[in-house]
Peer 1: 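Below is a structure I'd like to ask you about.
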Amino acid sequence: AVSDPGAAMLSGKWKDIGRFKVPSLRGLESRSPYFHDGSAATIEQLVQFYDTRFNIGYTAQEAADLAAFLKALYDVAVQRALGFPVDPDE
């Protein structure tokens, strides 16, 4: 049974059942602070929030690796196109 029809609610198409539009993680580091209230100033704080909130149980190394991965999702061309700050050497 399908409990959330996803994009089909908007399109009315069967092929869109279970499809969802999600925000991109590209350039995440340049969009701080995070959350509606700005309560996470860094990606590390963001990872810690989700680890605590959902009782994931990351080790210190796993949390550091995830934060490093999220920081690596950086595209200079996209950053410039969106008007975000870019290191002048890039």
Side-chain angles (χ1 to χ4, degrees):
V2 175
S3 61
D4 188 338
M9 285 295 292
L10 299 174
S11 71
K13 297 178 182 177
W14 282 96
K15 69 177 185 157
D16 290 337
I17 292 175
R19 290 185 178 177
F20 298 89
K21 185 174 181 179
V22 297
S24 172
L25 295 175
R26 183 181 294 169
L28 180 67
E29 186 174 23
S30 66
R31 296 195 307 260
S32 67
Y34 307 102
F35 302 121
H36 70 282
D37 60 357
S39 60
T42 66
I43 289 181
E44 289 78 10
Q45 290 173 348
L46 176 91
V47 169
Q48 179 62 44
F49 169 84
Y50 282 108
D51 185 30
T52 302
R53 171 67 174 84
F54 295 104
N55 198 24
I56 296 169
Y58 291 134
T59 65
Q61 186 62 57
E62 289 170 333
D65 289 347
L66 178 55
F69 170 75
L70 293 170
K71 289 178 181 181
L73 300 175
Y74 181 81
D75 185 322
V76 174
V78 171
Q79 296 303 104
R80 283 193 178 114
L82 295 174
F84 289 119
V86 175
D87 183 335
D89 296 330
E90 295 185 56

Peer 1: Check this for me: does any side-chain nitrogen of one of K13 and D16 sit under 4.0 Å from a carboxylate oxygen of the other?
Peer 2: no
Peer 1: Are the side chains of L73 and L28 in touch, meaning some heavy atoms are under 4.5 Å apart?
Peer 2: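 A side-chain contact under 4.5 Å is absent here.
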Peer 1: Assigning hydrophobic clusters by single linkage (Ile, Leu, Val, Met, Phe, Trp, Tyr; side-chain heavy-atom cutoff under 4.5 Å), is Y58 placed with F54?
Peer 2: yes
Peer 1: With sequence neighbours excluded, give me every side chain to side chain donor-acceptor pair (under 3.5 Å) pair touching residues 33-45.
Peer 2: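 Those involving residues 33-45 are D37-S39, E44-K71.
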Peer 1: Determine the minimum heavy-atom distance between S24 and R26, stating which atoms define it.
Peer 2: OG-N, 3.0 Å
Peer 1: Sequence neighbours left out, what pairs pass salt bridge (charged side-chain N to carboxylate O under 4.0 Å, His left out) with at least one residue falling in residues 60-69?
Peer 2: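 Applying salt bridge (charged side-chain N to carboxylate O under 4.0 Å, His left out) to every pair that reaches into residues 60-69, excluding sequence neighbours, yields nothing.
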Peer 1: Could you give the distance from CD1 (I17) to CE (M9), rounded to the nearest 0.5 Å?
Peer 2: 11.0 Å
Peer 1: A quick test of your reading: do over 12 heavy atoms of other residues, nucleotides or ligands sit less than 6.0 Å from CZ of F69?
Peer 2: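 No, CZ of F69 has 12 or fewer neighbouring heavy atoms, counting only those of other groups under 6.0 Å.
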Peer 1: Taking salt bridge (charged side-chain N to carboxylate O under 4.0 Å, His left out) as the cut-off, I'd like each qualifying pair that reaches into residues 47-56, sequence neighbours left out, listed once.
Peer 2: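 Counting only pairs at least two positions apart or across chains, no salt bridge (charged side-chain N to carboxylate O under 4.0 Å, His left out) contact touches residues 47-56.
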Peer 1: Please lay out, stage by stage, how I43 and L70 fare under the test side-chain contact (heavy atoms from CB on, under 4.5 Å).
Peer 2: CA-CA 8 Å; I43 289 181; L70 293 170; 4.0 Å; yes
